[in-house]
Amino acid sequence: MAEKVQRVRGTQDLYGEELARFDHVVETFNRVRKLYGFRRVDVPVFEFTSVFARSLGETTDVVSKEMYSFEDRGGESLTLRPEFTAGIARAYISNGWQQHAPMKLAAHGPLFRYERPQKGRFRQFHQLDAEVVGAAEPAADIEVIAFAAQLLRELGIADRVTLQLNTLGDAETRAAWRDALVAHFSAHADSLSAESRERLAKNPLRILDSKSEGDRELVATAPGIDAFLTSDAGQFFDTVQRGLEAAGVAFVRTPALVRGFDYYRHTAFEFVTEHLGAQGTVIGGGRYDGLIGSMGGPETPAVGWAGGIERLAMLVAEPEREHVEVAVVATGDAAQGYALTLLQRLRQAGVAAEMSWRGNLKKKMERAGSSGADFALIIGEDELALSEVTVRNLATGTQERVRMVDVVAALSGDVEA
RNA sequence: GCGGUCGUAGCUCAGUUGGUUAGAGCGCCGGUUUGUGGUACCGGAGGUCGCGGGUUCAAACCCCGUCGUCCGCCCCA
């Protein structure tokens, strides 16, 4: 087999417009999270494997097949983080952060999952993450969802995304509902798809979002969670729904929206779009009151979400191209020296400027044009002799002579205007 | 893990009854214009047709494998 220089499957080399979209998503996230008082947190890219294995349950496919786990030189089993939540929960426990509770935390960065790549699905991918740790109040659920909704609005994609909302109730609710579902589906097991029969044993809630046409009927007649909600759980969900209405966040009650892991409680939500094929969830989250306790920490209620940066980036409008404001064009050795001085003065005055390095005047002007600069500053022997600079507006093609001493001030004014 | 699709210049793609030196547009470089970009015209560079093997006198084209892409499924923390 011939050796070929290529990137690892499911990874990306980001540049140009793609990266501009990516950065735009992250910058918007950072701006909006400040409005909501979420503070940045940064946790390691790898952790002891037990951090993720324990939080997810040892036997799941996720742990056994979909994590990048390896042994380091000291013989420790480590895993590249497949999610933020477990790492943040671990940090909360390790550092005794309960003293800061409730904490409103925001993170973003690369995550790793060994999966079959598709559009919007990579092996190294990136997420935004928001968590409120140490708050049992439904107000926290409302807050994280409102944050996500505003993020989507400010990204300009709110009209292409729908908020689906559900409750999984408290532990008691969940157990009772689960039993009822198992009873319902077991009674009709012969008409379930083969895959859903598997789920019946491993993860019965997941039958509810089965894509099999044949399962739909059974799902439609399955018991809903509402009949099993304890009064506390029902009240909690009511408060969340009323709060979202008060906050002006539209949602659709989606009874089939479930989570596979036991530590999820109460609120579950996803912002979904129909514009990305099968990878339609752009932000997903919920309340995970059971997680930190199950990892060996103090029983700590928490709620949060994660959003796929690549998927969000695919939905946002093309950002304006990054470009310098001024291109300095010099001809002749004497002018070259002066141009360097001018170039630095412009930059120090806060004007984005660059200078073409090669070619004759024509080439340098071409370069200036394709750089997207608003102005070209032309300095040759004529200008130098008069201590002037030719300022050419590259959009209109008009140009004028400006005294060298006035150029920086004139341009910083023009560029800002 | 399963099924399907596709893989030709930097990019988007054309190119079958298998047949001599593999094409276009855009981009890039140079020129028409040796102090002026964006338009126009002229010219040029750039490809072991993903990779490996097979069939054949002959393979970009057919077959097998492999790597990668995309679309579903599974999974979805």
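In the text below, chain A, chain B and the rest are named by the order of the sequence lines, each starting its count at 1. For clarity, every value in this text was computed on a predicted model and none was experimentally measured. Side chains are part of it too, since the values below use all heavy atoms of this structure and drop only hydrogens, waters and symmetry mates.
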Dump every N/O contact between nucleotides 5-7 of chain B and the protein below 3.5 Å, one line per pair.
none

In this structure, how many angstroms lie between the P atom of B/G30 and the NZ atom of A/Lys364, rounded? 13 Å

Within the 3.5 Å criterion, strictly below it, is a donor on A/Tyr68 or A/Gln124 matched to an acceptor on the partner's side chain? no

Applying salt bridge (charged side-chain N to carboxylate O under 4.0 Å, His left out), can you list everything that pairs with A/Arg116, at least two apart in sequence or on another chain? none

Can you list, in residue-number order, the parts of residues 200-210 of chain A that come under 4.0 Å of RNA chain B, counting heavy atoms only? A/Asn203, A/Arg206

Tabulated below should be each protein N or O lying under 3.5 Å from an N or O of nucleotides 39-41 of chain B; please produce it.
none

Between B/U39 and B/A22, how far apart are the two C1' atoms, rounded to whole Å? 32 Å

Starting at CD of A/Glu274 and ending at P of B/C71, how long is that distance when rounded to a whole Å? 16 Å

B/C2 phosphate, OP1 or OP2, under 4.0 Å from A/Arg116 side-chain N/O: no

Quickly work out the A/Lys363 NZ to B/G37 C1' distance and round it to whole Å. 10 Å

If the cut-off is 4.0 Å, is A/Arg199 near the phosphate of B/C75, judged by side-chain N/O to OP1 or OP2? yes

Salt bridge (charged side-chain N to carboxylate O under 4.0 Å, His left out) with A/Glu366: which residues, sequence neighbours excluded? A/Lys362, A/Lys363

Scan residues 376-388 of chain A against RNA chain B and write down, sorted by residue number, each residue with any heavy atom closer than 4.0 Å; if none is found, say none. A/Ile378, A/Gly380, A/Glu381, A/Asp382, A/Glu383

